Amino acid sequence: MSGFQLEAEAFISVQLKFTHPRGSVSSYEQDFNLNCTVRQLKEDMQQKLSVPAEQQTWTHKGQELQDSQTLMDAAVDDDDTVEVICRPK
């Protein structure tokens, strides 16, 4: 047996509240890896949301999430809501 163990990936279920460019709102339940960066999640969601990653702003509990943060860094917990706002360029 080797001297290390693989750390299990931790996934949580998050409610995404997406505000479309014209103001309508959609909600999605999505499972995310806690160790992924916000930038990676934006890129993963761009096709589903039909919004480029650069135009998405993600917030959690009133705080804007930075692209370099992981969900763990941002203290996002299972069943929390993350708001995604589209900012057209």
Side-chain angles (χ1 to χ4, degrees):
M1 180 170 162
S2 66
F4 68 93
Q5 293 180 342
L6 293 177
E7 186 176 315
E9 292 188 22
F11 285 84
I12 60 170
S13 181
V14 173
Q15 299 294 321
L16 289 181
K17 181 180 169 187
F18 177 63
T19 303
H20 298 269
R22 294 199 170 113
S24 62
V25 177
S26 299
S27 294
Y28 302 95
E29 184 172 334
Q30 187 75 35
D31 291 336
F32 291 121
N33 183 325
L34 276 170
N35 297 311
C36 283
T37 65
V38 171
R39 179 63 187 191
Q40 289 170 314
L41 300 175
K42 287 178 178 181
E43 290 171 355
D44 288 347
M45 293 301 296
Q46 68 184 350
Q47 184 172 6
K48 183 173 188 169
L49 300 175
S50 299
V51 175
E54 303 79 35
Q55 294 179 15
Q56 299 174 33
T57 299
W58 289 38
T59 63
H60 176 249
K61 297 183 179 179
Q63 298 294 314
E64 184 173 338
L65 302 181
Q66 301 303 309
D67 284 349
S68 60
Q69 284 181 292
T70 65
L71 292 181
M72 185 178 294
D73 294 338
V76 177
D77 293 319
D78 200 38
D79 294 324
D80 276 359
T81 298
V82 173
E83 294 189 55
V84 180
I85 300 166
C86 174
R87 305 223 186 267
K89 297 229 175 196

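As the structure is a computational prediction, the values presented were derived from the model and not from experiment.
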Just distance, no hydrogens or angles: give the donor-acceptor pairs under 3.5 Å from side chains in residues 71-79, sequence neighbours left out.
residue: Asp73; atom: OD1; partner: Thr70; partner atom: OG1; Å: 3.3
residue: Asp73; atom: OD2; partner: Thr70; partner atom: N; Å: 3.1
residue: Asp73; atom: OD2; partner: Thr70; partner atom: OG1; Å: 3.2
residue: Asp78; atom: OD1; partner: Ser13; partner atom: N; Å: 2.6

List the atom pairs, with distances to 0.1 Å, where a side-chain N or O of residues 18-28 and a protein N or O form a donor-acceptor pair under 3.5 Å, not counting sequence neighbours.
residue: His20; atom: NE2; partner: Ser26; partner atom: OG; Å: 2.7

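Side-chain contact check for Phe32 versus Gln40: every heavy-atom pair is 4.5 Å or farther apart. Contact check for Met45 versus Val84: no side-chain heavy atoms found under the 4.5 Å cut-off.
Listed by chain and residue number, Val38, Arg39, Lys42 satisfy the side-chain contact (heavy atoms from CB on, under 4.5 Å) test with Asp67 (two or more places apart in sequence, or in another chain). Applying the side-chain hydrogen bond (donor to acceptor under 3.5 Å, both in side chains) criterion to Gln15, with sequence neighbours excluded, gives Glu29. Applying the side-chain hydrogen bond (donor to acceptor under 3.5 Å, both in side chains) test to Thr57 and every residue at least two apart in sequence or in another chain returns Arg87. Here Glu64 pairs with nothing under the side-chain hydrogen bond (donor to acceptor under 3.5 Å, both in side chains) rule; sequence neighbours left out.
Around the NZ atom of Lys48, the shell of radius 6.0 Å holds more than 12 heavy atoms that belong to other residues, nucleotides or ligands. By the neighbour-count criterion of 12 heavy atoms within 6.0 Å, atom CD of Gln30 is densely surrounded, having more than that number from other residues, nucleotides or ligands.
Under a hydrophobic-cluster definition in which Ile, Leu, Val, Met, Phe, Trp and Tyr are linked whenever side-chain heavy atoms come within less than 4.5 Å, directly or via other members, Ile85 and Val51 are assigned to different clusters.
Of all non-hydrogen atoms in Cys36 and Leu41, the two that sit nearest each other are CB-CD2, 3.8 Å. Here the shortest heavy-atom pairing between Phe11 and Asn33 reads CD2-N, 3.5 Å. Nearest heavy atom pair, residue Thr81 against residue His60, reads O-CD2, 3.5 Å.
Here the straight-line distance linking atom OG1 of Thr59 with atom CG of Leu65 works out to 6.5 Å at 0.5 Å rounding.
A distance-only check finds a donor-acceptor pair linking the side chain of Gln46 to the backbone of Ala53 [under 3.5 Å].
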